[in-house]
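What you see below is based on every heavy atom in this structure, not just the backbone, and it leaves out hydrogens, waters and symmetry mates. So that the names make sense, note that chain A is the first sequence line, chain B the second, and so on, each numbered from 1.
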2 protein chains.
Amino acid sequence: MSSSPDLPHPERSEISLTGVLFALSDPERLAIARQLVDGPLDMAECHLSNPNVPKSTKSHLMKVLRTSGVVRNEANGRARRLSLRREDLDAKFPGLLDAVLSAET
Amino acid sequence: MSSSPDLPHPERSEISLTGVLFALSDPERLAIARQLVDGPLDMAECHLSNPNVPKSTKSHLMKVLRTSGVVRNEANGRARRLSLRREDLDAKFPGLLDAVLSAET
DNA sequence: TCAATGGTTCGAAGATTTTCAAACCATCGA
DNA sequence: TCGATGGTTTGAAAATCTTCGAACCATTGA
C-alpha cells in the first residue's frame, strides 16, 4: 500500500506572494516550475540544468517550491509526483503564474 | 546645477526575470514598489512599514530594487526621485508587474 | 527476503543577504 | 559661507540560504 512520507503543504490561505516570488526567483527552481506547466511529472523526469547536482540538493529545491505553495509533491509508488498548484495560485494571484512562466528568460 | 551621484541602472536588456522576482520577494521592497504605482515619489515620501529603520538600510533596499531594474532612482535636487520602470518591465515581462502589484498580500 | 531504486532528512560548511553605524557627499536655505 | 537635509557607500556582524555527503526510509522487482 501507500506510501512514502506525506510531506506538508501550505493551505491555499497560507500561501504568500513574497514566498512564491522568492521560490521562483532562483533560475533552477523557475526551470523546474516551467517543466510542470504541461502537467505533473515524476521527480526523476524533472531535469536540472546541471545534471550533476546531488539528489539532496534537488530535493531541497523541491522543498522550497513545495513549502512556498508553488508545487505539490505527492507520493507515487516509490517516486514523487510533482505538480504545479495552478488552481490555488491562479485563485490567489491572478495572472501571476502565467506572467512568470510565459516570460522570456 | 546638478546633481547628486548618478547611480547605475541596468539597461532594459539586462533586466532578468529572476532578479526582478527576487527584488519583489521581500515584503518591504514589495511595499515600496507598490507605493510607486501611482507615479514617482521622492524617497522621503516612500515609507517603510517600520519607520525606525536607519537610512542606510532603506538605501540598501532601494539599491536592490534599482539594480534589479524594478525602480529608477534619479537625483532631484538633494532628494531622490523614485519611479517604477513600468515600460521596461511591461515590455520584457508582460503582465508580471500588474499581477504582482495587484495581488492581495 | 533482499538488493536496488527514488527519494527525504540531517548536519555542517560555504555563500549570500540583511542590517547598521559611521563616514561621506551634494544641495539648499539662511 | 555654513549648517541642516537627504541621501549613498563602506565595512563588519548577524542572519539566512545553499550545497552536499551521509544516513535513513518506503517501494518495487527478483
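A:Asp6 has its CG atom 12 Å from the P atom of C:dT8, to the nearest Å. In this structure, the CG atom of A:Leu41 is 15 Å from the C1' atom of C:dG7, given to the nearest Å. Going from atom CG of A:Asn76 over to atom P of D:dT27 covers 12 Å, rounded to whole Å. Between A:Leu65 atom CG and C:dT8 atom C1' the separation is 15 Å, expressed in whole Å. A:Leu48 places its CG atom 14 Å from the C1' atom of D:dC20, with the value rounded to the nearest Å.
Closest of all the heavy-atom pairs between B:Cys46 and B:Met62 is CB-CE, 4.2 Å. A:Leu17 approaches B:Val100 most closely through the heavy-atom pair CD2-O, 3.6 Å. In terms of heavy atoms, B:Arg29 sits closest to B:Ser25 at NH2-OG, 4.4 Å. When all heavy atoms of B:His9 and B:Val71 are compared, the pair lying nearest together is CD2-O, 3.8 Å.
Annotation for B:Asn50: atom CG counts as buried by contact number, over 12 foreign heavy atoms lying within 6.0 Å. In this structure, A:Lys63 places its NZ atom where only 12 or fewer heavy-atom neighbours from other residues, nucleotides or ligands lie under 6.0 Å away. Within a 6.0 Å sphere centred on CD of B:Glu87, other residues, nucleotides and ligands contribute 12 heavy atoms or fewer.
Ion pair A:Asp98/A:Arg86 flagged as a salt bridge, since at least one NZ, NE, NH1 or NH2 atom sits closer than 4.0 Å to an Asp/Glu carboxylate oxygen.
Between the two ends of the helix from C:dT1-D:dA30 to C:dA30-D:dT1, each summarised by a five-pair axis, the helix axis turns through 20° (rounded to 10 degrees).
With hydrophobic clusters built from ILVMFWY side chains whose heavy atoms lie under 4.5 angstrom apart, A:Val70 shares a cluster with A:Leu30.
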Candidate pair B:Lys92 and B:Arg12, rule side-chain contact (heavy atoms from CB on, under 4.5 Å), full reasoning:
CA-CA 8 Å; B:Lys92 276 208 91 152; B:Arg12 176 186 291 190; 3.8 Å; yes
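Only at 4.0 angstrom or more do the heavy atoms of residues 20-35 of chain A sit from any atom of DNA chain C, so none qualifies.
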Under-3.5 Å N/O pairs linking protein and nucleotides 5-11 of chain D:
unit_1, atom_1, unit_2, atom_2, d
D:dG7, OP1, B:Met43, N, 3.3
D:dG7, OP1, B:Ala44, N, 3.2
D:dG7, OP1, B:Arg80, N, 3.4
D:dG7, OP2, B:Ala44, N, 3.2
D:dG7, N7, B:Lys55, NZ, 2.7
D:dG7, O6, B:Lys55, NZ, 2.4
D:dT8, OP1, B:Asn73, ND2, 2.9
D:dT8, OP2, B:Ser59, OG, 2.5
D:dT8, O5', B:Ser59, OG, 3.3

